[in-house]
Amino acid sequence: MNEILKEISSRIEKIESRNRKKNVGEIIGLADGVARLTGLSEVMYNEMVEFPNGVFGIALNLGEDEVGCVLLGDTSSIKEGDEGKTTGKLLSVPVGKELLGRVVDVLGRPLDGKGEIFAKEYYPVEKIAPGILPRKSVNQPLQTGILEIDAMIPIGRGQRELIIGDRSTGKTAIALDTIINQARINREGLASGDPDFRPVYSIYVAIGQKNANIARTIQLLEANGAMEYTIIVAAAASENAANLYISPYSGCAMGEWFMQNGMDALVVYDDLSKHAAAYRQVSLLLKRPSGREAYPGDVFYLHSRLLERAARLNEENGNGSLTALPIIETQQGDVSAYIPTNVISITDGQIFLETDLFNQGVRPAISVGISVSRVGSSAQMKAFKQVAGKLKGEYAQYKELAAFAQFGSDIDPRTKAIIDKGDRLVEILKQTNNNPKSAALEIAILWALQNGFFGDIDVKKISDAKSSFESHMLSRGDKILARIMSEQTISPELAEDLKSACQDWRKTFA
Amino acid sequence: MNNKALARILLKESISPDGLVDSARVSAACDYVQEHVPTMRALELLREYMRMLKPVLASETATIESSGELSPEALALLEDFVRKESGRDLYFEKKINPELLGGIRITCGDNVWENSASSLLEDIASGNYPS
């Protein structure tokens, strides 16, 4: 018996001694959050390197004589000559439902003062995206609560839809409205007790934003009761470039946990332009050769490997999904710049926001003509298709005719009808911030528009009419709205009920 | 040929067939540089050569640190262990380091095997591995 125990203890000792082995290096250069080290001959690419005072870095450049490491967190305590040691681990972040309602940094450490996060699991921030076999095509809608998007540029769960536009055109507002709408749907769905209901959890990644803006976002989500279903990963502008570079991958890892565990999640990257700029800074500091606009050669891979991780998994793999809404800021509407073209080609469509529309008061300032959703229509509810199927075409026709009509007053009756309907459509599609609508209400509004119930109302009063219609439907037409959601299609009987509800409403609205 | 490439050749030539750096070969390499390379460049080249030689020399010497005196048997066991781990013959140095508070630390180039009370305390104190 002694011999057996000796054998086991010697094996334990061997393993323990192996575990106590570390590979060390010495910092020979330190600047702008990047450390150069000699030694570390056994370090692996993307491996975490531990420095004194609990600072961690990631080995990104493995040279013949030295190793380049980007440092995460506060690097002020690190100096030349300090020791860095390998950890044998890839950079990982805590994941799971314990993070919901919390604001964390890129390493998943709490920033909100609500105490420690006791996560049961950790996921590596860099992970290979699901392959072809575990995937499934997008077949379930993700309602943004924004009428224009849900009707004409529908998004499905597992889709990657880019939100692109100049500064101050409402990109973040669209993403936040979507998060708020998911929270509203989650509350209603969970309260209904429907066993088939699938909540959508949100992850908002703030990349290189001002702390004041991040604080405002948190307040907004809290005020709308969305924080309990949301994780915020904050990498503020004041943090070093390495943190900004890692932040979307951390957020993605947190979202992936929901997907891998058969749940649905939405991740917003706000924004990838700043992320690309942070990566450019890191690359230049690591002395990597630069290419177009001084970005490194692998900047496409930077975003493609991130966005490919958003997927819809099939039933054998849990049926979960991760929807991604990356945001890109353009300069003076130039979508042909390097980063915008890259991300446009990676994603499954884009929502393009225009400054001119925004200044004209068309909000959300979506340019319908060049906005597209490549896969979302297959996930759109049938009732939506019935009322919004032709909407994009009609809108495009209206835009074309309206441009000509402003040069002369002689318009034939058919053209005038198209323009009149278009004017009303534009007004109907206007929507204020933080006011997402339920899918049933959106369908009812569009049905009323398509069936001429807004036709004889003055264009200037359309907005009031829409508000009045909404309150009428929410108070008196709630059963019809519930039927739209349960039947998912507008049957002749439902159309009759909608018609009588609209007629009732018109009696109240002069 | 640049200094780096030349220094690499010198380094290669400094290693004897048994895989260890030979001091006679090193001084011969230095003599060659001084005789055949212009002074300004020789200075740079020797500096580069020294920089490359340092980690190689460090990896040939294993320093065994302990908080107290080790018995010859224990030392021999540790030497065997390091030889097996590094897969080569090595020079050994031993050192008493009270800061370890107990246990041992073996350093061989950039590899460190440590099983000391101080390292365990450090691990407990930091306790912030993200995974």
Side-chain angles (χ1 to χ4, degrees), chain A residues 10 13-14 16-26 28 37-43 48-56 58 63-67 72-73 83-95 104-109 116-117 119-125 246 250 253, chain B residues 2-5 7-8 11-12 47-60 62-65 74 77-88 100 102-131:
Chain A
S10 77
E13 270 170 30
K14 268 185 192 171
E16 274 187 341
S17 68
R18 210 174 296 144
N19 287 345
R20 303 301 297 171
K21 186 188 172 187
K22 60 192 179 190
N23 191 246
V24 297
E26 187 188 331
I28 53 164
L37 297 101
T38 54
L40 288 180
S41 58
E42 290 176 17
V43 73
M48 270 173 81
V49 178
E50 191 187 354
F51 294 95
N53 305 316
V55 176
F56 288 90
I58 308 163
E64 198 177 8
D65 306 321
E66 61 180 51
V67 173
L72 303 165
E83 189 183 80
K85 55 187 179 195
T86 56
T87 59
K89 294 168 188 164
L90 290 170
L91 182 65
S92 303
V93 287
V95 293
V104 295
D105 70 359
V106 293
L107 294 177
R109 295 179 294 206
E116 212 175 319
I117 297 167
K120 293 182 192 82
E121 279 183 76
Y122 284 81
Y123 266 24
V125 292
I246 291 297
S250 298
Chain B
N2 63 21
N3 282 348
K4 214 170 186 177
R8 207 164 285 138
L11 180 69
K12 204 175 157 191
R47 277 192 188 129
E48 186 68 35
Y49 176 47
M50 193 167 78
R51 200 182 61 74
M52 285 185 178
L53 205 56
K54 258 186 190 170
V56 179
L57 284 171
S59 67
E60 285 181 354
T63 309
I64 301 174
E65 292 173 75
L77 274 172
L78 291 170
E79 285 178 6
D80 271 354
F81 165 76
V82 184
R83 264 191 220 105
K84 214 181 276 174
E85 284 287 318
S86 55
R88 60 190 292 191
L100 294 179
I104 49 153
R105 180 195 290 153
I106 306 169
T107 313
C108 181
D110 59 3
N111 285 325
V112 180
W113 292 269
E114 186 164 2
N115 207 343
S116 70
S118 68
S119 74
L120 286 171
L121 287 171
E122 265 173 39
D123 282 355
I124 294 165
S126 66
N128 57 353
Y129 279 109
S131 71

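Within every chain, numbering begins at 1; the chains are lettered A, B, ... in the order of the sequence lines, protein sequences first and strands thereafter.
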From CZ (R51(B)) to OG1 (T38(A)), nearest 0.5 Å: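 Separation between the atoms: 8.5 Å.
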Donor-acceptor pair, side chain of D110(B) and main chain of G25(A), under 3.5 angstrom: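 No, the answer is negative, given that no donor and acceptor are paired below the 3.5 Å cut-off.
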For [X], is it the side chain, the backbone, both, or neither that has a heavy atom closer than 4.5 Å to a heavy atom of chain A?
X       : result
R8(B)   : side chain
L120(B) : both
S59(B)  : neither
K4(B)   : side chain

